[in-house]
Amino acid sequence: MKKEYEMISGSQKFPLNVLMVRLLKRAPHLHKEIEIGLVLRGNIDLILLDSVSTLQVGDMYVLIPMDIHSFSATEEDVIILAIQFPRKLLSP
């Protein structure tokens with residue numbers, strides 16, 4: 001399996017990425033931001049290291065920076081709302 005790494009950069013003025021994603025499969029990837037996601041439709045497996053968690057509608061997940069993760073839908077039409085932001089937004 002080909003490994004894929006994504007580096008997403010938000011605006012310097014407002015470093016927040018809000019994404020609504022429809023997917024069936026997402027190859028292993030990582031990013032520098034914290035990611036909080038909410039499953040809006042369907043069921044999806046979140047693969048983090050060697051652990052698989054099946055997420056359903058209403059489930060949320062949190063990924064820390066540089067966590068290599070992937071997604072695999074258990075059915076079609078999976079929609080996730082994801083918010084990515086730098087760790088510095090949590091610092092006082």
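Just so it is clear, the values below take in all heavy atoms, side chains as well, and ignore hydrogens, waters and symmetry mates.
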Return the minimal non-hydrogen interatomic distance between Pro28 and Ile68, and the atom names on each side. CB-CG2, 4.1 Å
Keeping the roles fixed (side chain from Arg87, backbone from Ile34), state whether a donor-acceptor pair exists under 3.5 Å. no
Non-hydrogen atoms of Lys32 and Pro65 that approach each other most closely: O-CB, 3.1 Å
Between CG on residue Leu63 and CG on residue Leu46, distance to nearest 0.5 Å: 6.0 Å
Might you point out which heavy atoms bring Glu35 and Phe71 nearest each other, and give the distance in Å? OE2-CZ, 4.4 Å
Measure the CD1-NZ distance between Ile47 and Lys25 for me, rounded to the nearest 0.5 Å. 6.5 Å
State plainly whether one hydrophobic cluster holds both Leu90 and Ile36, where clusters connect Ile, Leu, Val, Met, Phe, Trp and Tyr through side-chain heavy atoms under 4.5 angstrom apart. yes
Quick check for you: to the nearest 0.5 Å, what is the distance between Asn43 atom CG and Leu55 atom CG? 9.0 Å
Which atom of Leu81 lies closest to which atom of Leu40, heavy atoms considered: CB-CD1, 3.9 Å
Closest approach of Leu38 to Gly58 (non-hydrogen atoms, all atoms of both residues): CD1-O, 3.6 Å
For the residue pair Asp45 and Ser72, confirm or rule out a side-chain donor-acceptor distance under 3.5 Å. no
If you look at every heavy atom in Met66 and Leu30, which pair is closest and at what distance? CE-CD1, 3.5 Å
State whether the number of non-hydrogen atoms from other residues, nucleotides or ligands found under 6.0 Å of Glu75 atom CD is greater than 12. yes
Roughly how far, to the nearest 0.5 Å, is CD of Gln84 from CG of Leu16? 9.0 Å
